[in-house]
A.B. asks: 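I'd like to ask you about the structure that follows.
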There are 2 protein chains.
Amino acid sequence: MPTAASIPDSPDSPGSPDDRADRTDPADRTDPADRTATDRSNRTARPASARAAAPTGANLTALRDHNAATVLSLVRAAGAGGVSRVELARASGLTAQAISKIVQRLTEDGLIAEAGRGASTGGKPRTLLSLVPDVRWAVGAQLGRDTLTVLRADLTGRMAAGRRMPIDLAGWGPDRVLDLLVDQVRLLLADLPGERVLGIGVASPGPLDQHAGVLHQVTGAPAWQGLRLREAVARRLELPTVVEKDSTAAVLSALGSPNRAFVHLDQGLGAGLVLGGAVQRGARTNAGEFGHQTLDPGGPRCRCGATGCVEALWAAAPTPVAAARILGEAVANLVRLLDLDEVVLGGRAVLAAPEVYLAEVRRVLAARLPDPDWQPVAVSVAPAGPDAVALGAAGLVLARLFG
Amino acid sequence: MPTAASIPDSPDSPGSPDDRADRTDPADRTDPADRTATDRSNRTARPASARAAAPTGANLTALRDHNAATVLSLVRAAGAGGVSRVELARASGLTAQAISKIVQRLTEDGLIAEAGRGASTGGKPRTLLSLVPDVRWAVGAQLGRDTLTVLRADLTGRMAAGRRMPIDLAGWGPDRVLDLLVDQVRLLLADLPGERVLGIGVASPGPLDQHAGVLHQVTGAPAWQGLRLREAVARRLELPTVVEKDSTAAVLSALGSPNRAFVHLDQGLGAGLVLGGAVQRGARTNAGEFGHQTLDPGGPRCRCGATGCVEALWAAAPTPVAAARILGEAVANLVRLLDLDEVVLGGRAVLAAPEVYLAEVRRVLAARLPDPDWQPVAVSVAPAGPDAVALGAAGLVLARLFG
DNA sequence: TGACTTTATCCACGCTGTTGCTTAACTGGG
DNA sequence: CCCAGTTAAGCAACAGCGTGGATAAAGTCA
């Protein structure tokens, strides 16, 4: 159930359309800088987009940043209760001395602070440390087909302020929508010094090139095709900008298992994947096309042209329970293929009947995966509710800080 | 097509059954040491096996090892042609000085050596470096239900020697099979000094706990249930030992795209996944259960109890082409969900009719994914042929060295 | 032949985490 | 009440990492 407070709708829509060079030719989508120079593998059938597996070297700065992110991440995971240096040392594998130094730096930066003392375990009691939530902020935005959501999140990933308003992505075109986006972000950040804003994450319907920040064709919105979204937003707001597919962003809307999926059932069906602790985007950053998994070759024809896609079966289901069951079957496939232990359900279709989806997905999972080797799988509804995508987009910015 | 030379069959089977304490109670499968101590997340429905996301700290030793592995990996990727220090510096992001130091250390260890000079680009010609393949060896073994494969691979991942022999996994029981395994490995390593052997990787049918190295139930072979396979092998051979599921091991049998799958169609159907450059095992190290993806709820009943599993549909297919088409449909789902750009087909069922599978999978992929956003996907048959699983198990050991 | 370019190394340096030791802070027995 | 024992955290010296500037080596080209 969506427990967190959600954004109040606020219908106002300024924005003046003017033409800028944000468009790119759909032909040259790939960034040549992304390809490694020393790529002389002698395999016969070489995949086209063998993007740098980035086995990149690390220097002392990278080492320090890595350890700082590690510690910060552990402090965040501890929540308001706090953690002691001793616990940080044990969990990170670093020595107590190293932890002390790192904690000192983080404290000087204002990111963490002492938060009381723990019970003594026979000697000097541990000093507890916790995150200072509001020294840095991340902005998250969701460009929906009919809705724009903009919010501000603190370091713990909690939403502090936000607005949601109706738009017409296809009809208005990029300039008007982006101008509106920019105005709303400026309102959110009005009383904040710029150096305390880490950046902005913008979630959009796919497919897109996440790395380059360029949209591909957005079904039914030709004006957006080839838009250099990251550049466009970064230039207007002068903030570090990250672009992400909506369902992928959503998986970062809350902390969770290192092997989890966010199943986003809105106008389309997508899945955001975190596997082995890392967000998975795939070779062309299009991973998570969950809606067009074939679940029944004899099923109804889908708008994608194929037959028996999950999305088509779901749309054709006679009752809400039947629709939820279809989703459950697809989720069972997902869990089994990737060995997930957490599935978060979200998107408007789910939020319209959360109990039905929760119950049916759990039921199908229990039936399809009776073997204890595959249990338990935690199934829940996105705590951020309708803000999950935008909050996850903000989480994408926070992720830079936490490793 | 399986081009590489494959292991000659050699039927001999010593091995004396004696009882050792390699068994573990199936109840205490999880290793308590794997769980983080500072795990006090306040989520309500916490997944049971939220194994340490391991945001572990790094010290200077780890930094050095990481950079050495990075460089070594780049040298390996360059193949026999070699790479220069300058290219290594550019690809790794390290300075030329750092590369020089690292190269010096690696050369002293005998892992790499100079391999001629490149053409001058206007000044002193570059000194080319390449891997010395046979200074270290990795052993790979596949415990099949009816076959034992044991081989030795050099640093480039090429098989140097190996044997394959029939066994009866269920009938013989662990001790006889493991004794045979140990004898065969000793034969393979007879003329090698121990310090040049990096370790052994053992692939087995799943499910298993890869991290703990403990088998779960092996269908039809109750004597193997709960066997501490890693400990048992490590104790007998006194070598670093890694255990892996067969299909997961196979994905490491050759270098390839950072987003690829090895589809292993043998007695069962499994998939080994490399996503984002990392092998994916999932929450309970059971990822890749590809055979029991539901592809047609109205289909025939599977031995797993459900209906319409890929495996059941495949088995029920009237012709080899129809069977290959089923696999193609399942692979199309996989490619679309994870955005893969490379799929390798292997296992005896594929190797029995490689052209049929290759053609059908390619055909279905082209039909199911007409959108250029999803192309090209390189589809091939495992170059290592029947040795893919064992070679991948050896690759698992090599992976330690290459990062 | 000599100027120039590129490659690779030498050496001093700053910064990292580590080690050994000291100080701080609390528990609990006599 | 005191003091031994225990645990937490900081201080100082240190080894090892990659970096930056200078330099030698080995080619090209006019």
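Naming convention: chains lettered A, B, ... in sequence-line order (proteins, then strands); numbering from 1 in each chain. It should be emphasised that the depicted structure is a prediction, and the values quoted were computed from it without experimental measurement.
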A.B. asks: Atom CG in B:Leu189, atom CZ in B:Arg196: separation rounded to 0.5 Å?
C.D. replies: 12.0 Å
A.B. asks: Write down the distance between CZ (A:Arg64) and P (C:dG14), rounded to a whole number of angstrom.
C.D. replies: 16 Å
A.B. asks: Classify A:Ser84 by what it touches in the nucleic acid, base, sugar-phosphate, or nothing, heavy-atom distance under 4.0 Å.
C.D. replies: nothing
A.B. asks: When only distance counts, do a donor and an acceptor, one from the side chain of B:Gln104 and one from the base of C:dT9, lie under 3.5 Å apart?
C.D. replies: no
A.B. asks: With a 4.0 Å cutoff (strictly under), does any side-chain N or O of B:Asn59 reach OP1 or OP2 of C:dT16?
C.D. replies: no
A.B. asks: Is B:Arg117 near enough to D:dG27 that one of its side-chain N or O atoms lies under 4.0 angstrom from OP1 or OP2?
C.D. replies: yes
A.B. asks: In whole Å, I'd like the distance from the NZ atom of B:Lys101 to the C1' atom of D:dT19.
C.D. replies: 8 Å
A.B. asks: What integer distance in Å separates A:Leu60:CG from C:dC15:P?
C.D. replies: 10 Å
A.B. asks: Start at the 5' end of DNA chain D and walk down; is the nucleotide closest to A:Glu114 or to B:Asn67 reached first?
C.D. replies: A:Glu114
A.B. asks: Is any side-chain N or O of A:Lys124 under 3.5 Å from a base N or O of C:dT23, one able to act as donor and the other as acceptor?
C.D. replies: no
A.B. asks: Reckon A:Ser100 touches a base, only the sugar-phosphate, or nothing at all at heavy-atom distances under 4.0 Å?
C.D. replies: sugar-phosphate
A.B. asks: Report the residue (A:Gln97 or A:Pro125) whose heavy-atom-nearest nucleotide on DNA chain D is the more 5′ of the two.
C.D. replies: A:Pro125
A.B. asks: In whole Å, I'd like the distance from the CZ atom of A:Arg126 to the C1' atom of C:dA24.
C.D. replies: 16 Å
A.B. asks: Nearest whole angstrom, please: distance from the P of C:dT16 to the CG of A:Asp65.
C.D. replies: 9 Å
A.B. asks: Would you mind reading off the distance between A:Leu94 atom CG and D:dA9 atom C1', rounded to a whole angstrom?
C.D. replies: 16 Å
A.B. asks: At under 4.0 Å, does any side-chain N or O of B:Arg85 touch on OP1 or OP2 of C:dT7?
C.D. replies: no
A.B. asks: Provide, to the nearest angstrom, the distance between the CZ atom belonging to A:Arg90 and the C1' atom belonging to D:dA8.
C.D. replies: 15 Å
A.B. asks: How close or far is atom C1' of D:dA9 from atom CG of A:Leu129, stated in whole angstroms?
C.D. replies: 11 Å
A.B. asks: Is A:Thr95 close enough to C:dG17 that one of its side-chain N or O atoms is under 4.0 Å from OP1 or OP2 there?
C.D. replies: no
